[in-house]
Every structure is written in C-alpha cells, then in structure tokens.
Amino acid sequence: MLTKINHIGIAVTSLEEALPFYRDTLGMAFTGIEEVAEQKVRVAMLQVGESKIELLEPLSADSPVAIFIEKHGTGIHHVAYEVADIEAAIARMMADGCRMIDETPRAGAHGTRIAFVHPKSSKGVLTELCQCNH
Ligand code: CO
C-alpha cells in the first residue's frame with residue numbers, strides 16, 4: 001500500500017529562522033515556499049534524495065501547527081507515506097478499524113491529495129497518506 005516516505009513534516013515557529021540550517025548547513029535542495037490556507041501554515045519544501053522535509057510555520061494562533069507547538073514544542077510533526085491510490089488506502093485502513101482524521105482526501109501542498117490518520121491509531125505519530133499526481 002505504501003510506496004515510500006514522501007516527506008517528514010517539522011513544526012517550526014519561523015521558516016526564515018529554520019531555513020538556513022536545513023538549506024545551508026545540511027545542504028538540502030530548497031524547492032520553495034507555499035501557503036496552505038486550509039491548514040493555516042506556510043510550508044517550505046526541501047528535497048533529500050527521493051524524500052522531502054516539509055518545514056511548517058503556523059500563520060495564526062489557531063493553526064493546527066500552532067496548537068501542536070503549544071503542546072509539544074517545535075519538532076517532528078508528522079510522517080507522510082506515499083500511496084498510489086489514496087481512496088483505496090483510506091478504505092483499507094478504516095476497514096482495519098483505524099481512526100482517520102480525514103475520511104476523504106483533502107488538498108495538500110504541491111497539488112497532492114492527502115489524508116491524516118489519527119495519532120491514536122498510530123502510536124502517537126501523526127501520519128499522513130499522500131498521493132502525488134506525477
Ligand atoms: Co505533510
């Protein structure tokens with residue numbers, strides 16, 4: 001069902017403050033910043049081989065990422081696995097009794113379709129299923 005780790009999301013308070021470490025010190029290829037209004041975040045994408053790091057900066061205090069930082073501090077926010085067919089993946093997980101935050105796919109960054117698994121079903125790790133259209 002899963003084809004690879006597409007990206008790991010890291011919650012930060014400021015992209016401008018976090019980018020120099022990931023882009024310049026670690027030398028990741030920076031591929032741009034995108035605003036995902038629905039999630040109230042600005043997202044910076046960095047390429048590492050075939051996977052990505054997604055830096056997430058909350059745009060407001062009621063952003064899910066702001067609430068996460070409030071609770072846990074900055075750090076790893078979610079792991080995103082790529083799937084070929086997101087509807088089939090959601091259906092299979094729900095059939096296995098898994099609790100989904102998104103029972104239908106929603107729009108992610110870069111034209112992807114995503115669905116979050118509830119961390120209660122994944123031992124505390126917010127887990128994203130991600131279907132790319134490339
Ligand atoms: Co993500």
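All figures in this text were calculated on a predicted structure; none of them were measured in a lab. As the structure lists them, so they are numbered: ligands from 1, and atoms in each ligand from 1.
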Query raised in the report: Do Glu128 and His7 meet the criterion of a side-chain donor-acceptor pair at a distance under 3.5 Å?
Result: yes

Report summary line: the Co ion (ligand 1) has as its nearest N, O or S atom from Glu128 the atom OE1

Query raised in the report: Among Ile33, Val12, Asp24, which residue meets the side chain to side chain contact (heavy atoms under 4.5 Å, CB included) test with Leu19?
Result: Ile33

Query - Between Glu54 and His77: side-chain donor-acceptor atoms closer than 3.5 Å - result: no

Query - Whether His78 has an N, O or S atom under 2.8 Å from the Co ion (ligand 1) - result: yes

Query raised in the report: So which of the N, O or S atoms of Glu54 lies nearest the Co ion (ligand 1)?
Result: OE1

Query raised in the report: Do the charged groups of Lys40 and Glu35 touch, with an N to O distance under 4.0 Å?
Result: no

